[in-house]
Colleague: 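Once you've had a glance at the structure underneath, I'll fire off some questions.
We're numbering straight along the sequence, starting at 1. Note that ligands are numbered from 1 as they come in the structure, with each ligand's atoms numbered from 1 the same way.
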Amino acid sequence: MAPSQDSSENNASYTFKVTVIGSGNWGSVAAKLIASNTLALTSFHDEVRMWVYEETLPSGEKLTDVINRTNENVKYLPGIKLGRNVVADPDLENAVKDANMLVFVTPHQFMEGICRKLTGKIRADAEAISLVKGMEVKMEGPCMISSLISQQLGINCSVLMGANIANEIAVEKFSEATVGYRHNKDVAERWVQLFTTPYFIVTAVQDVEGVELCGTLKNAVALAAGFVDGLEMGNNTKAAIMRLGLREMKAFSKLLFPSVNDSTFFESCGVADLITTCLGGRNRKVAEAFAKNGGKRSFDELEAEMLQGQKLQGVSTAREVYEVLAHRGWLELFPLFSTVHEICTGRLPPSAIVEYSERQPRSS
Ligand SMILES: NC(=O)c1ccc[n+]([C@@H]2O[C@H](COP(=O)([O-])OP(=O)(O)OC[C@H]3O[C@@H](n4cnc5c(N)ncnc54)[C@H](O)[C@@H]3O)[C@@H](O)[C@H]2O)c1
Ligand SMILES: O=P(O)(O)OC[C@H](O)CO
C-alpha cells in the first residue's frame, strides 16, 4: 500500500506526531507498539514515520520499498506486520521534519553521525526519547546517548529501557519497561501512554542516568554470561557472574552519577533486563560462540555470521567502559568489566572470566 498521508481533517484533534529514528530489530518492534497506540489515541497523529538506513536487499529491491509494500521489515523483523500507519522513509531530514516526538533506536555507534545530520533540522518544540543502549566516550569523559541527543539537538531527552528482547515483544508476549525522565512528569506520562499496551507495561522513574546506565552496562555483563555458557560452566556460575556484574553496574553508575537511585536497579531496566539479556540476548549468544572457539574467531566475524546485519552493543560498550576506568584509575575497582574487555580484545582467554570471579570479595 502507498504510504498514507493523514490530513488534518481526518486527524483533527491530534497534537503529537511521532517519528522513529531506526528500523532494526527493536526499532521495528518499537514502531509497531507505537503505531497501535497512535491509531487508538486521539492526541496522536495516526501516521508513524520510521527512518530506515537504506539498503539494497539480495532481490535488488530497496528495504524501504519492501517495508512500505509488505508492511514488514523483511530483513530485521521478518514475519511481523508493523501496522499500516507505519511509513518507512529513507530520508532522515524528511522523516523528522514535522515530528514533535522523536524516538531514537539505532545501535549506539551511529548516534553521533545521526545527531550531526539532524542539527538544526528538527522542530524546536520536539521531545526525544532514547531506546539506545550504549554510550560515547569523549575527551571530557563519558557521554550518555540521551545527553548526546540533548546537547547536539538542544531538546529534552528521556529514555526507555527494560527486559525487552524484541522478538518476544513482536509476538506480543508480556513484558515490562522503564521510562527514565529528568524533570517533567507530564512528558514522561505521554511517553508511557505512547508505548504501553496490554502486553507491554511501562512505568516511569525520575532517573535518566540510572535507567540508561542499566540498559548500557548490562550488555557487558551479557558477554560475561555468554563466556560462561561457552565454557559450559553451568547455571550457578552464570548466576554468580550476573550478581557480580550487577554489583559493578551499580557501583559504576553511582560513581559517575551520584544522583542514581538504588531503586532503579529493581525496575525492569535493572535486574530484569540483566536476567533476560544473560539468558536470551544476542550479546550472550555471540559471546558463547566466541568462548566455544577459544577466542580464535573475532567478534566482528561472529556478529556478521550469526546476526545478519544486527549489531552487538556489548563489545564496544566494554571498550568504552574500560576507557573510562583506565582514565580515572578505577580498573581495579571493576574487575569484571575490565576482564570482559580484555577477553574481547584477546589479551585474556575466555576462561579468565571464571578465574577472576573466584578471587572476588564476596560482600559488596
Ligand atoms: N533487538 C533487541 O532485542 C533490543 C531490545 C532492546 C534494546 N535494544 C537496543 O536498541 C538499539 C537498536 O538496536 P536494534 O535491535 O533495533 O538494531 P539491530 O541491531 O537489529 O539492527 C542494526 C540497525 O543498524 C542500522 N545501520 C547499519 N549501518 C548503519 C549506519 N551506518 N547508520 C545508521 N544505521 C545503520 C541497520 O539498518 C539496522 O537498522 C541498540 O542500542 C540495542 O541495544 C535492542
Ligand atoms: O540481544 P541483546 O543482547 O542486544 O539484548 C537485547 C535487549 O537489550 C534485552 O533487553
Side-chain angles (χ1 to χ4, degrees), residues 20-33 50-57 62-64 67 73-78 80 88 90 92 95 103-118 129-136 144-146 148 159-171 173 175-178 195 200 211-212 214-226 229 267-288 299 303-304 306-318 320:
V20 177
I21 298 147
S23 54
N25 188 232
W26 182 219
S28 301
V29 176
K32 174 182 185 281
L33 284 167
M50 180 175 76
W51 173 67
V52 174
Y53 177 75
E54 190 65 288
E55 52 190 295
T56 305
L57 298 171
K62 297 287 187 204
L63 177 58
T64 306
I67 294 174
N73 187 338
V74 292
K75 176 153 182 188
Y76 294 101
L77 191 66
I80 302 292
L92 184 58
V103 178
F104 288 90
V105 53
T106 74
H108 76 282
Q109 57 268 41
F110 304 128
M111 279 301 299
E112 198 158 14
I114 289 171
C115 285
R116 213 175 302 119
K117 287 191 193 127
L118 287 179
I129 194 163
S130 173
L131 279 53
V132 180
K133 292 177 173 172
M135 65 182 180
E136 292 279 321
M144 302 312 296
I145 299 298
S146 63
L148 180 79
V159 296
L160 181 145
M161 311 273 146
N164 298 149
I165 290 183
N167 290 335
E168 297 178 14
I169 300 165
V171 292
K173 291 182 177 169
S175 69
E176 299 178 311
T178 314
F195 281 94
F200 192 71
V211 173
E212 193 168 8
C214 279
T216 298
L217 297 173
K218 66 86 186 167
N219 282 330
V221 184
L223 296 178
D229 285 344
E267 299 291 342
S268 177
C269 64
V271 67
D273 195 10
L274 182 68
I275 292 169
T276 202
T277 205
C278 290
L279 298 182
R282 299 167 297 186
N283 285 286
R284 187 219 65 82
K285 179 174 155 182
V286 179
E288 179 184 38
F299 269 98
E303 177 188 74
M306 296 174 75
L307 298 185
Q308 291 87 39
Q310 295 185 32
K311 300 285 181 200
L312 290 181
Q313 302 284 267
V315 178
S316 45
T317 298
E320 288 146 6

Colleague: Do V29 and N167 have side chains that get closer than 4.5 Å, going by heavy atoms?
Modeller: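 Counting from C-beta outward, V29 and N167 never come under 4.5 Å.
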Colleague: Only heavy atoms of R282, strictly under 4.0 Å: list the atoms of ligand 2 that pass.
Modeller: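 Result: 1 (O), 2 (P), 3 (O), 4 (O).
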Colleague: Run through D273, T317, N219, N164 and flag the one making a side chain to side chain donor-acceptor pair (under 3.5 Å) with K133.
Modeller: D273
Colleague: So, taking the atom named CZ in F110 and the one named CD1 in I21, what distance separates them when rounded to the nearest 0.5 Å?
Modeller: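 Between F110 CZ and I21 CD1, I get 15.0 Å after rounding to 0.5 Å.
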Colleague: Answer side chain, backbone, both or neither: which part of F110 comes under 4.0 Å from ligand 1, heavy atoms only.
Modeller: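 Near ligand 1, F110 shows its side chain, while the N, CA, C and O stay back.
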Colleague: Relative to the heavy atoms of T277, which atoms of ligand 2 are at a distance of less than 4.0 Å?
Modeller: 3 (O), 5 (O)
Colleague: In this structure, does ligand 1 have an atom that sits under 4.0 Å from one of the heavy atoms of K75?
Modeller: no
Colleague: Under a plain distance cut-off of 3.5 Å, with no hydrogens placed, do Q109 and Q313 share a side-chain donor-acceptor pair?
Modeller: yes
Colleague: For the side chain of N283 and the backbone of G314, is there at least one donor-acceptor N/O pair under 3.5 Å apart?
Modeller: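 Looks like yes, one N/O pair under 3.5 Å.
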Colleague: For ligand 1, which atoms sit closer than 4.0 Å to a heavy atom of G309?
Modeller: 22 (C)
Colleague: Please work out whether any backbone atom (N, CA, C, O) or any side-chain heavy atom from C-beta onward of K133 is under 4.0 Å from ligand 1, and answer side chain, backbone, both or neither.
Modeller: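 K133 to ligand 1: contacts from backbone and side chain alike.
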Colleague: Give the numbers and elements of all ligand 2 atoms closer than 4.0 Å to a heavy atom of K133.
Modeller: 7 (C), 8 (O), 9 (C), 10 (O)
Colleague: Which ligand 1 atoms are under 4.0 Å away from a heavy-atom of I165?
Modeller: 3 (O)
Colleague: Taking N or O atoms only and a 3.5 Å limit, does W51 qualify as a polar contact for ligand 1?
Modeller: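 N/O-N/O distance below 3.5 Å does not exist for this pair.
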Colleague: Drop me the distance from E112's CD to L148's CG, to the nearest 0.5 angstrom.
Modeller: 5.5 Å
Colleague: Can you tell me how far apart CE (M50) and CG (N73) are? Round to the nearest 0.5 Å.
Modeller: 5.5 Å
Colleague: What distance do F104 atom CZ and I114 atom CD1 have between them, rounded to the nearest 0.5 Å?
Modeller: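 F104 atom CZ to I114 atom CD1 measures 8.0 Å (nearest 0.5 Å).
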Colleague: Please examine the side chains of L223 and R284, heavy atoms only from C-beta on, and report whether any two atoms are closer than 4.5 Å.
Modeller: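 SC-SC contact between R284 and L223 ruled out.
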Colleague: What's the separation between atom NZ in K218 and atom SG in C278, rounded to the nearest 0.5 Å?
Modeller: 8.0 Å
Colleague: Counting heavy atoms only, which of P107, G281, G215, G27 is nearest atom 22 (C) of ligand 1?
Modeller: P107
Colleague: Tell me the contacting part of L131 for ligand 1: side chain, backbone, both, or neither, using a 4.0 Å heavy-atom threshold, strictly below.
Modeller: backbone
Colleague: Only heavy atoms of G162, strictly under 4.0 Å: list the atoms of ligand 2 that pass.
Modeller: 10 (O)
Colleague: Are any of the N/O atoms on W26, whether in the backbone or the side chain, positioned under 3.5 angstrom from an N/O atom of ligand 1?
Modeller: yes
Colleague: In terms of residue, atom name and distance, what is the protein heavy atom nearest to atom 40 (C) of ligand 1?
Modeller: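 Nearest neighbour among protein heavy atoms for atom 40 (C) of ligand 1, to 0.1 Å: Q313 OE1, 3.6 Å.
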Colleague: Checking contacts here: is it the side chain or the backbone of V132 that comes within 4.0 Å of ligand 1, counting heavy atoms only? Could be both or neither.
Modeller: both
Colleague: Under 4.0 Å, heavy atoms only, figure out whether ligand 1 is touched by the backbone of N25, its side chain, both or neither.
Modeller: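 Both of them.
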Colleague: Look at atom 42 (C) of ligand 1 and find which of Q310, K311, R282, E303 reaches it with the closest heavy atom.
Modeller: R282
Colleague: Distance to 0.1 Å, residue and atom name: give those for the protein heavy atom nearest to atom 36 (C) of ligand 1.
Modeller: Y76 OH, 3.4 Å
Colleague: Measuring from the heavy atoms of G22, does anything fall under 4.0 Å of ligand 1?
Modeller: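 It does not; every heavy atom stays at 4.0 Å or beyond.
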Colleague: Nearest protein heavy atom to atom 5 (C) of ligand 1, by residue and atom, and its distance?
Modeller: N164 O, 2.8 Å
Colleague: If we only count N/O pairs under 3.5 Å, is D273 in contact with ligand 2?
Modeller: yes
Colleague: Considering non-hydrogen atoms of the protein only, which is the closest contact for atom 3 (O) of ligand 1, and what is the distance?
Modeller: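 Ranked first by proximity to atom 3 (O) of ligand 1 is A166 N, 2.8 Å.
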Colleague: Side-chain contact, heavy-atom cut-off 4.5 Å: F200 with S175?
Modeller: yes
Colleague: Do any heavy atoms of K218 fall under 4.0 Å from ligand 2?
Modeller: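 Checking ligand 2 against K218, which is what was asked, there is a heavy-atom contact under 4.0 Å.
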Colleague: In ligand 2, which numbered atoms sit nearer than 4.0 Å to a non-hydrogen atom of N283?
Modeller: 2 (P), 3 (O), 4 (O)
Colleague: Under 4.0 Å from a heavy atom of E55: give me the atoms of ligand 1 that qualify, with their elements.
Modeller: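 Reading through ligand 1 atom by atom, the close ones are 37 (O).
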Colleague: Nearest to atom 12 (C) of ligand 1, what protein heavy atom do you find, and at what distance?
Modeller: T106 C, 3.5 Å
Colleague: Please examine the side chains of L312 and R282, heavy atoms only from C-beta on, and report whether any two atoms are closer than 4.5 Å.
Modeller: yes
Colleague: Nearest non-hydrogen contact with atom 21 (O) of ligand 1 belongs to which option: S28, A30, G113, G24?
Modeller: G24
Colleague: Kindly say whether S28 contributes a backbone atom to a donor-acceptor pair with the side chain of S23 at under 3.5 angstrom?
Modeller: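 No; zero donor-acceptor contacts below 3.5 Å.
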Colleague: For the backbone of T178 and the side chain of S268, can you confirm whether one donor and one acceptor N or O come within less than 3.5 Å of each other?
Modeller: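 Looks like no, no N/O pair under 3.5 Å.
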Colleague: With heavy atoms under 4.0 Å as the rule, classify the contact between Q313 and ligand 2 as side chain, backbone, both or neither.
Modeller: neither
Colleague: Is there a side-chain contact between T106 and Y53 (heavy atoms, below 4.5 Å)?
Modeller: no
Colleague: Would you say E212's side chain and I145's backbone share a donor-acceptor pair under 3.5 angstrom?
Modeller: yes
